Amino acid sequence: TYWDYTVIFKNWDGEVISTKTYHYGDEVIAPSTPTKAADNTYTYAFAGWDKNLGTCEGNETFTATYTPTYIEYKVVFKNYDGTTITEANYHYGATVVEPSTIPTKLSDNTYTYTFNGWDKSITTCKGDTVYTATFTPVYINYTITFKNDNGSILSTKTYHYGETITQPTTPTKASDKVYSY
């Protein structure tokens, strides 16, 4: 008379993959290769069973084991115009480090630009992310001065690029013995 033994194969989380009855000395055959879904940090490759398969020698439970591989996420810092400032790979949960160089934006006729930070908060890596530099425009003030022919100031006013300049009251100059003005 043969003794009946139960051989159980379980996945990493305890889920039963298969249960089969064997007799003493029968060759134990593994079920189809199980899988473990990736999480935010790792992908998983089946590494084998926690014990060597062989012949049945009694009730036995085998548990699947996996080799984890870090998932690399790409974190990119870009300037306002889309040019890449820095690019680095991070693992999930790692602290993202912003570039040491402060981004710049060239002035135009109307504004100078002050770096205002990034378009989103810099925290820990939660996946592929692109951060874009933001800027605050600051009006450029142009001073327009009207002077009399003797160098005295008739008016001084600050304008922004493109604004209409207002002329001061038309100046006068007293006649002299030779000319009237």
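This is a predicted model, so every value here is computed, not measured.
- Listed by first then second residue, pairs satisfying side-chain hydrogen bond (donor to acceptor under 3.5 Å, both in side chains) with a partner in residues 8-22 read Asn11-Tyr66, not counting sequence neighbours.
- Residue pairs meeting the salt bridge (Lys or Arg N to Asp or Glu O under 4.0 Å) criterion with at least one partner in residues 121-131, sequence neighbours excluded, do not occur; the list is empty.
- Each side-chain hydrogen bond (donor to acceptor under 3.5 Å, both in side chains) pair with one or both residues in residues 51-63, not counting sequence neighbours, appears once here: Lys51-Glu60.
- Distance check: Asp119 CG to Thr132 OG1 gives 4.5 Å after rounding to the nearest 0.5 Å.
- Residues satisfying the side-chain hydrogen bond (donor to acceptor under 3.5 Å, both in side chains) criterion with Asp108, sequence neighbours excluded, are Tyr113.
- The cluster map of Ile, Leu, Val, Met, Phe, Trp and Tyr, joined by side-chain heavy atoms under 4.5 Å apart, puts Phe115 and Val96 in the same cluster.
- Considering only heavy atoms from C-beta on, Thr65 stays 4.5 Å or farther from Tyr44 through its side chain.
- Not a single donor-acceptor pair under 3.5 Å links the side chain of Thr110 to the backbone N or O of Tyr161.
- Atom CH2 of Trp49 and atom CZ of Phe9 lie 6.0 Å apart (nearest 0.5 Å).
- In this structure, Thr112 and Ser107 approach most closely via the heavy-atom pair CG2-OG, 3.2 Å.
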Side-chain donor-acceptor contacts of residues 98-106 below 3.5 Å, not counting sequence neighbours, with atom names and distances?
unit_1, atom_1, unit_2, atom_2, d
Glu98, OE1, Trp118, NE1, 3.0

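- Other residues sharing a hydrophobic cluster with Ile71 under the 4.5 Å side-chain heavy-atom criterion for ILVMFWY residues are Tyr73, Tyr92.
- In this structure, Val16 belongs to a hydrophobic cluster whose other members, linked by side-chain heavy atoms under 4.5 Å apart, are Ile8.
- Residue Val97 comes nearest to Tyr90 through the heavy atom pair N-OH, 3.0 Å, listed as atom of the first residue, atom of the second, then distance.
- A pairwise comparison of heavy atoms in Pro171 and Leu154 identifies CG-CD1, 3.8 Å as the closest pair.
- Among all heavy-atom pairs drawn from Ala133 and Phe135, the shortest one is CB-CE1, 3.8 Å.
- A cation-pi arrangement is found for Lys120 relative to Tyr131, the charged atom lying closer than 6.0 Å to the ring centre and inside a 45° cone about the ring normal.
- Every pair passing side-chain hydrogen bond (donor to acceptor under 3.5 Å, both in side chains) that includes a residue from residues 75-88 is listed here, sequence neighbours excluded: Lys74-Glu87, Asp81-Thr83.
- Every residue meeting the side-chain hydrogen bond (donor to acceptor under 3.5 Å, both in side chains) condition with Tyr181, not counting sequence neighbours, appears here in chain and number order: Asp176.
- Note that the SG atom of Cys56 and the CD1 atom of Ile29 stand 12.0 Å from one another [nearest 0.5 Å].
- In this structure the side chain of Asn141 reaches within 4.5 angstrom of the side chain of His160, judged on heavy atoms.
- Thr166 is linked by a side-chain hydrogen bond (donor to acceptor under 3.5 Å, both in side chains) to nothing, counting only residues two or more places apart in sequence or in another chain.
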Enumerate donor-acceptor pairs with a distance under 3.5 Å from any side-chain N or O in residues 143-150 to protein atoms, sequence neighbours excluded.
unit_1, atom_1, unit_2, atom_2, d
Asp149, OD2, Lys173, NZ, 2.7
Asn150, OD1, Ser152, N, 3.0
Asn150, OD1, Ser152, OG, 2.8

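- Under the 4.5 angstrom side-chain criterion for Ile, Leu, Val, Met, Phe, Trp and Tyr, the cluster partners of Val76 are Val130.
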